[in-house]
Each structure stands twice: as C-alpha cells, then as structure tokens.
Number of protein chains: 2
Amino acid sequence: MALKYSKQREAIKEFLATRTDHPTADVVYMNIRKAFPNISLGTVYRNLSLLASLGEVNKMTPGDGADHFDWNTEPHYHVVCTECGCVQDLPMELVQDMNKLAEKYYDGVIDGHNVYFYGNL
Amino acid sequence: MALKYSKQREAIKEFLATRTDHPTADVVYMNIRKAFPNISLGTVYRNLSLLASLGEVNKMTPGDGADHFDWNTEPHYHVVCTECGCVQDLPMELVQDMNKLAEKYYDGVIDGHNVYFYGNL
DNA sequence: ATGACTGCAAAAGATTTGCATGTAG
DNA sequence: CTACATGCAAATCTTTTGCAGTCAT
C-alpha cells in the first residue's frame, strides 16, 4: 500500500484546489480531460476516494444523486443552491448560530444563490 | 394532481410510522411485500418521493449509497452507525452542544452502535 | 523486478420512467 | 368516465471492479 506518484492524481488535486465550489466526480473528469484526454472516469473515481481516505479531500453526499468533493478539509458547514444544486460553504458568522439553525430550516440568498441549509435536520 | 387514496401508499406510511430507525426504499419494499406480494419497487419509490414532497416523511442521504426515509419530520440531527450503517436520531442533550460538535467530529457509542456525527463538517 | 496506477469496458446498485392496465372519486 | 395509481420491465445514472498493460521506485 505504499503510495506512488501519478501525474493524474496530482492534476486532480491541483484542480480541486482551484475550486471554491464542490465539484462532482464527473465535473472533475470533464476538466482533467483537457490536460489528459485519455484519463478514464474510473481513474478519477479511484483517486478521489483515495484522496478522501487520506484525508486530503472531503467527500460529501448532499443528496442530489452524486457525491461532491471538497478541497477544504477544515470542519465547516455547507449550503446547497436550490436552483443549480451547487454546494457552497456556510459563512462563519452563521456557524455561530448553529443552534438556532437547528431549530428551523434556513433559507436565504448567498452570493446570488437561493440556498437552503443542508444539514441533518 | 389531485391525490387519490391508495392502500399501497397507506401501508408505506403505516410501516414507516412503526420504525424508529430510518429504512431505505428497499427495506420498505421488502416489508410491504408481506402484505402486498405484488407491489413493485417502482411504486414504493414513487410513493416515498410523493410523501417526501408532501412533507409527510423526510428523505435523507447519509452517503452509504442509498437514501433513507424518516417518519419524524420534526427538525433533528442524525448519527450513522459505522458498523451497520443504520441511522439514529441524535439525543437532544447533544443537540444543545451543536456548536461544539461543529468544531470537531463526534465519535461515540449510542445504543450499542459506534456512531460518528453525520453532518456537513 | 515489484507493486501501484492506468485505461477500458463490463458490472453493480439505486432510482426513474414508459406503457398498458387497474381503480378511486 | 377520467385522472391518478399500479405492476412490470427497460432505461438511466453514479460508482465500482476485473483485467491486461504501464510506470514509479
């Protein structure tokens, strides 16, 4: 289980680091393809779960059918856009109000996206 | 879009109300079959999402591959068993500590299940 | 050399959908 | 009657896996 270097995995990590949203495996695949036209979707999935198990990325399942991958491994909350389904980080000032959020659903607008609180309410 | 009565839907609702865990569509299917041997999995899925859109049940996606359905529509948190994957409600006294939970992962034992905090940390 | 990694394609698992038939209102 | 609901099967979508060849160490 000794890790070996792979330029595909490196490219996937670099790509994730450039994104503040939280792409799905397929979005990663589409983008990595620009630099590696022959990369396979299986390789993207294998590397994403490897990176997730190493703790280098976070795997999220917001419930839109596909998993999302987050380069930010610091503990934080997320919100999901009700329009496009994208995942955004929850502003820190709202984190402090988690107890209140837990008492009722949060609906609002962040960065032009209509979001609802994505949590286990 | 006027709702019509169906004994299959009624049975699904009744079954969910008897469960304190949070069954998957397939588990619901297996159980409803005892009373309705000819019910189809498609019908179970159609009714579960109908009930979810009516707000009569909650649909959850803990990330184990399948969606789970929860009869308790009151706002509350969940934890997931790392052994069997089942979903449990988070004890209310812990809800009051949500801010602290948000700062670090929660690992513990509840009702004999080794659980981790299922949230968007 | 050896074991990890890749591309490809097939497989697996969950959910959705099209269609002909059944049934509540 | 006529919509809505059902059963069945096929289709769709995401993710995983087996395998033979490739590459890092």
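Chain letters run A, B, ... following the sequence lines, proteins first, then strands; residues in each count from 1.
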Inter-residue atom distance B:Ile32.CD1 - B:Glu14.CD, 0.5 Å rounding: 8.5 Å
From B:Phe15 atom CZ to B:Lys34 atom NZ, the distance as rounded to the nearest 0.5 Å: 7.0 Å
Nucleotide C:dT23, atom P - distance to CZ of B:Phe36 in whole Å: 12 Å
Spacing of CG belonging to B:Asn58 relative to NE2 belonging to B:His68, to within rounding of 0.5 Å: 13.5 Å
Protein-nucleotide distance (B:Asn38, atom CG; D:dA5, atom C1'), rounded to Å: 15 Å
A:Leu51 CG - C:dC5 P separation (whole Å): 11 Å
Residues forming a side chain to side chain donor-acceptor pair (under 3.5 Å) with B:Arg19, sequence neighbours excluded: B:Asp21
Spacing of B:Met30 atom CE relative to C:dG13 atom P, expressed in whole Å: 12 Å
Residues that B:Lys7 engages under side-chain contact (heavy atoms from CB on, under 4.5 Å), provided they are two or more places apart: B:Tyr5, B:Phe36
Side-chain atoms of residues 47-56 of chain B: list all donor-acceptor pairs with protein atoms under 3.5 Å, sequence neighbours left out, distances to 0.1 Å.
{"unit_1": "B:Asn47", "atom_1": "OD1", "unit_2": "B:Arg9", "atom_2": "NH1", "d": "3.0"}
{"unit_1": "B:Asn47", "atom_1": "ND2", "unit_2": "B:Thr43", "atom_2": "O", "d": "3.1"}
{"unit_1": "B:Ser49", "atom_1": "OG", "unit_2": "B:Tyr45", "atom_2": "O", "d": "3.0"}
{"unit_1": "B:Ser49", "atom_1": "OG", "unit_2": "B:Arg46", "atom_2": "O", "d": "3.4"}
{"unit_1": "B:Ser53", "atom_1": "OG", "unit_2": "B:Ser49", "atom_2": "O", "d": "3.4"}
{"unit_1": "B:Ser53", "atom_1": "OG", "unit_2": "B:Leu50", "atom_2": "O", "d": "2.8"}
{"unit_1": "B:Glu56", "atom_1": "OE1", "unit_2": "B:Lys13", "atom_2": "NZ", "d": "3.0"}

Whole angstrom value for the distance that separates C1' of C:dG22 from CD1 of B:Ile39: 14 Å
Test salt bridge (charged side-chain N to carboxylate O under 4.0 Å, His left out) applied to B:Lys4 - qualifying residues, sequence neighbours left out: none
Angle of first-five versus last-five pair axes in the helix from C:dA1-D:dT25 to C:dG25-D:dC1, to 10 degrees: 30°
Atom pair distance, as rounded to whole Å: CD1 in B:Ile32 and P in D:dG7: 11 Å
Protein proximity profile, nucleotides 12-25 of chain D - base contact B, sugar-phosphate-only contact S, no contact -, cut-off 4.0 Å on heavy atoms: --SBBBB-----BS
Spacing between B:Arg9 atom CZ and D:dG7 atom P, to the nearest angstrom: 12 Å
For atom CG of A:Asp64 and atom P of C:dT15, their distance in whole Å: 13 Å
Qualifying residues under side-chain contact (heavy atoms from CB on, under 4.5 Å), relative to A:Ala66, sequence neighbours excluded: A:Thr24, A:Asp64
Rounded distance [0.5 Å steps], CE in B:Met30 versus CD1 in B:Ile39: 12.5 Å
